[in-house]
Structures are given as C-alpha cells and as structure tokens.
Amino acid sequence: MGVRGRVPVKSFSRPLTTKSMKDIFTLTLILSTIHLATPLVLAALGGLYSERSGVINIALEGLMLAGAFTAAAVTHYVGNPWVGLLAAIVAGILLASIHAVACISFKADQVVTGTAINILMIGVPAVLSGAFFLSSGSTPQIPKENLIPWTPVILALLLVVATYYILYYTPFGLRLRAVGENPEAADAAGINVKRIRYTGVLISGALAAIGGAYLSIGQSSLFTRNMTSGRGFIALAALIFGKWRPVQTMLACLLFGFADALSTQMQGVIDIPVQFIQMIPYVLTMVVLAGFIGLSRAPRALGIPYQKER
Amino acid sequence: MKLLRQLIFPLIAVVAAFLVGAIFVLLIGDSPVETYRQLLGNAFSWPDGIGYTLFNATPLIFTGLAVAVAFRCGLLNIGAEGQLYVASFATAWVCILFGGVVVDVFGQPVNYSIVSLPAIILIPLGCLTAIVVGALWGAIPGFLKARFGSHEVINTIMMNFIAVALVSYFTQYHYKVPGDPILETAPVGAAAHIPRLGKFIPGLPERIPLNLAFILALIACALVYIFLWRTKWGYEIRATGANPTAAEYGGINVRKQIVLAMAVSGGLAGMVGINEVMGYRYRYYDGFSDNYGFTGIAVALLGRNHPVGVIFAAILFAILSRGGIFVDAFTEHVSKDLVQVLQGTIILFVAAEAIFRGPFGRFGLLKRSKV
C-alpha cells in the first residue's frame, strides 16, 4: 500500500562507463527475470484460488507483507529458513482467514476488506519490528547460509503445474470453478459453497505468504518496510492478464518480472533518471490491463457474496 | 432515529478496533491505558492540541471527501496519495513561476519567476492548479475504467508509484536549490502564502500552522454535499454507484459518470496541496504526505461517505496521527505505527458491520464491479 520504500534489488551506484547497452541483455537478465517473477507467480496463483472461487483478493499485497515479515523474523530467531517459511505460511493463512470470515460469512465488501488488510499490514510489521528489533520497520540481517534463493523458484514452477492439474482434473478444482461461476447451481448440486470459498481464500493466503517470504529470505536478507512495493497488485494484474488460468498467469508474471529485471539492469547503464526506470513495471501493468482486459472474462460470481436461499 | 442508526455502527467499529488495538499493545508488553492516554490525551489542550489536531485534520478532510465521492459512484479511489502529490508539486511550481523574488535556504534573495503576480491573482491561481492537476491525475484511471474496464484499484495504486517517482524526479533534477541537502523545491513567492488562522483568532499563536485551508476544507464539505444531493450530476453519480445497470437503463451515461466522479475525487485530493504548499511549508517537500491518501479511505468509510461524517472522522484520525508522535516518545515498545493498525481494524469492522448485527444480518455495503 505504501508508495515509498521501494528497495532496489541491486545497487544503482555503479559507474556509468563500465557497462553498455549490450551488457544489459545477458544471462543475468534471464536469471533476474526468473527471480523477480517468482514472488509474482506465487502471489498470483494464490489470487487464482481465491478469485476462481468468487472472492476478490485485493489483499495479496498485505498477505505478501505478512509472509515476508514473519519469514524474516522467525528465521532470525530460529536460524532455520524452513521454519521461517512454515511460519510465514501459517501467518498468511491466519490473515487470509480474516478476509474469508469478513467476506464469506459476514458478506463484507471484498475490495474494502482487502484494502483494510493491506493497511493493517503496513502497521503490524512496523509495530512488531519496533518492539522486537528496536527498528523503525525492518528486521535484522539474516546470514547468507540461512537464505533460500532457489527453492521457492522451483516450488513456484511446481505449483503452476499442480494448480493446472488441480483446477482441471480434480473434483476440488471442478467445485472451485463451479462455485466461482454459478454458486446457485453448485449449491443445488450439493456443493458446500462457503466451505469451498473458505478453502480458496486460505490457499491464497498460504501462497501469497510464500511469495512474500521469498522476498525477505530469498531475494534479499531482511524485511524492510513495505518491501512488496505494489507486487501484490501487479500479481493481481498478471492474474487478469492471464485470464485466471495458471499457465497464462505464469507467463504474464514472467513478463512483469522481465520489465522489473530490465529496469534494474538499465540503472546506471542508460542515462535516464532512475525515477523513470523505476516507473517501467507500473506503466506496463496499466498498459497491459487496459489492452487485454476486454479479452479475458472474470469468474461470473466474482465479488458477489453468496446468500443461501431459505 | 435514522441519525442514531447512522452513528451507532461507526461508533461500535471504533470501540471494537480500540479493543483489538489494546490486546495488541498488551501482547507487545506495554500498558494499553498509558498508550491510549498518550494517543488521545494530548489532543484537547488549547491552543496546541486543538490547533494541531485541526491542522492535521485538514488534509484528511480533503482526502476523505475524495474517497467518499468516488465511493458514491461505486469506485474505490486508492490513488488519492498520488493525486495529492502531483497536485502539490504543480501548485508549488506555479507559485514559484509567478511568485517573484524569494529568499532561498541560504538566506540569499533569488528570482526563479517569469512574472511576479499579486496575491489576489496568485492565490486563486495556486488553488486552481491544485484542483485541476489532481482532477486530471484522477480522471486517468476513471477513463481507463470507462473505456477499457480495467479496475480502478489496480490503476490508482500503479499511478501512486508513478506520481511519487515523477515528482521526485522534477524536484531532484529541476526545482531543487543547488546545495540544499533536503529534497525540496525552492520556496514559493510570498504572494502565494495563505494566512494562518492565528492572525484572526486571539490566543492562537501563529507558529501553529493551522491556516485558511481548513476553512476551505469545510467549504469543500458543503460544496460536495450540494454537488452530490442537489445537482443533476451528483444524482447521476449516486445512481451509478447504487446500481449501474439500472442507471444505464434510466438513460444515465455510466461511463461519463465514472470519469466525472474520479475527476472530482482527484480534484478534492489535490486540494491537499493548498494546505501543504500555500498554507504550511511554502515549498514542495518531497515525501510530505503521512499516508493522507490511504487514511482518506478510513475517513470516508467511517464517515459513511457523507461530508459531515467525513469531518468528524478526519478529526478522529488527526488526533490519532498526532497522538502517534507521543506514543513514539513516551511508551516503551509501541511505535506510532499502531495508528495504521487501528486504521486497518476500523475499516475492517466498518466493512464487515454485519458482525455487529448478528449472524443473520444481510447487508451489502456497496455493489462493486468485478476485478
């Protein structure tokens, strides 16, 4: 939510003369694209489970922040990134359950609730890091041997395949889609609409939190204030661009990851002020959204609370 | 009776959020009583407490109104933050360009202006700039929604990032006084300064930055009320928000209303620049906004998207934001970020007010378009 505190993945204080245009398009660019796309893929897949069940999840940003903070804090205390990752998943599920209870049981406005969670997650990590680490919003550095730079990347890829399979080849996937398209019919067929929606939202909390955890204990080595810097929303745009389908969504995330990687690589190479380079992913998101939204159709019951007939 | 019902749920939501906050504070290991005493207790002294509270409420009234107008059209404007940044910068730019000779940070007289306009022209011009630039920045996501159907929440968030980068670029590369260690523009001309209320109110010292922009905020509330409930445009905006399909059948051009509502919303958010640049700092100071745009969401929701409610909600959040400073200074563990936690919790409770209606309450806050 916060618009400040975007942390550059690489320092941009390199001297201008040592690199030229052709140095930008290298293996580093490809690797960096994959790295930067990974948190987007994880969050967008999370969004997919929630939105395919009919619940808008604008809280992805806050869920990622929860995952990022929990992962870094727990890894710092325990000294084991796997425990940190697990704690992040638990935190994501707990936070998502607030969204689920408010939206599904109490039929609150889904966009407003999501926004509330995002604002909440600007505050909670900041207060906790102030109390536990005496800092104004960041956790201590985590030593390099306690970082997990590659596993979440592979996990993200596996999850795309798994989501594809679950969505189209399992009874749960069929129910998830049915509930998001036509809850009345699904209900008539004996499906528990609320339970499926709860499951979808909780899965989205877990996945978005993994995406956030990757930011703090994979790409960098600490949590900083608002370190997601809009990635939750970019993931949401990727989900729309990918027509709420797993493989297309992954490709959309790779595109946004590429834009981010390119802007990082360009810093210090091309003589454009850093502010304009930083804008690239955000402008691209708006262009893509405007250009392609007409071509994708949202799940029909998205955003509409389900009221069982009585 | 109707008024009572309007008041009861926001009040319950605030109390419930404060209870959640108290538990949170307790878990961290501080005393909730002491924390809340610091948070709320310093707001009511005269002149400092009341003066600063009303000063802090000024930008929140503007952003609260901004979010409320968009809400009445069924839109969630999370972009007030970006709108107020571009508008504030533009206001400073105009007031520098037509401001005449100024004294810079080193005490040297310098002239950055092309023409020196008198206050009677420059002040309205500065105000108009804030409104128009904010309106234009707000109209873009409105247009994108009306023309392409892309969701305003994502677009306004993206435009926040773009706005911050853009004004930071202009400040850093074009309008900073060389050698000034702070990222801020040169000062605006003295003709652009709007008077502080201390000039008119006995007992209120002029060091308290409460200025005429606060009165302007109250006038804006009245105008928004008239616009929404007494004009055809306002009626059409509310009809669109209540039920876009029905509005369309009723002959209302829904797309036009979306752009109009976002433009009005952006213009209101932009008016923060009048308070900040012409009434307080007399320059554009990069990163000045204390999340005003996001707090505006809480203000609008708590104020039930009504101008009168917005005033009271803005004062509440102004008390919290000033109280946060005392919490930072005088409690052991809790920081001022507790205010954000309370804000998020209040929005959550207002949105899910069915919690307080019992399990059988059925109430949709707003019908919304699909993401």
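Order of the sequence lines sets the chain letters (A, B, ...), proteins ahead of strands, with each chain counted from 1.
- Heavy-atom distances place the side chain of A/Phe276, and not its backbone, under 4.5 Å from chain B.
- Note: B/Ile78 CD1 to A/Thr115 OG1 = 4.0 Å, rounded to the nearest 0.5 Å.
- With a threshold of 4.5 angstrom between heavy atoms, A/Leu134 does not approach chain B through any atom at all.
- Every residue meeting the side-chain contact (heavy atoms from CB on, under 4.5 Å) condition with A/Ser129, not counting sequence neighbours, appears here in chain and number order: A/Phe69, A/Phe133, A/Ser135.
- Rounding to the nearest 0.5 Å places CE of B/Met159 at 14.5 Å from OH of A/Tyr282.
- Of the atoms belonging to A/Pro305, not a single heavy atom falls under 4.5 Å from chain B.
- Contact count against chain A (heavy-atom pairs under 4.5 Å) is highest for B/Leu166 among B/Val334, B/Asp30, B/Leu166, B/Leu144.
- A distance of 9.0 Å separates OG1 in A/Thr285 from CG in B/Asn155, rounded to the nearest 0.5 Å.
- Residue contact with chain B, scored on non-hydrogen atoms closer than 4.5 Å, involves the side chain of A/Ile98 exclusively.
- A distance of 7.5 Å separates CZ of B/Phe161 from CD1 of A/Ile234, quoted to the nearest 0.5 Å.
- Once rounded to the nearest 0.5 Å, the distance linking CD1 of B/Ile157 with CG of A/Asn118 reads 7.5 Å.
- For B/Val86, the side-chain contact (heavy atoms from CB on, under 4.5 Å) partners are B/Val133, B/Trp137, B/Ala163, B/Val167, not counting sequence neighbours.
- Both the backbone and the side chain of A/Val283 come within contact range of chain B, with heavy atoms under 4.5 Å apart.
- At a 4.5 Å heavy-atom cutoff, the contact between A/Thr113 and chain B is made by backbone and side-chain atoms alike.
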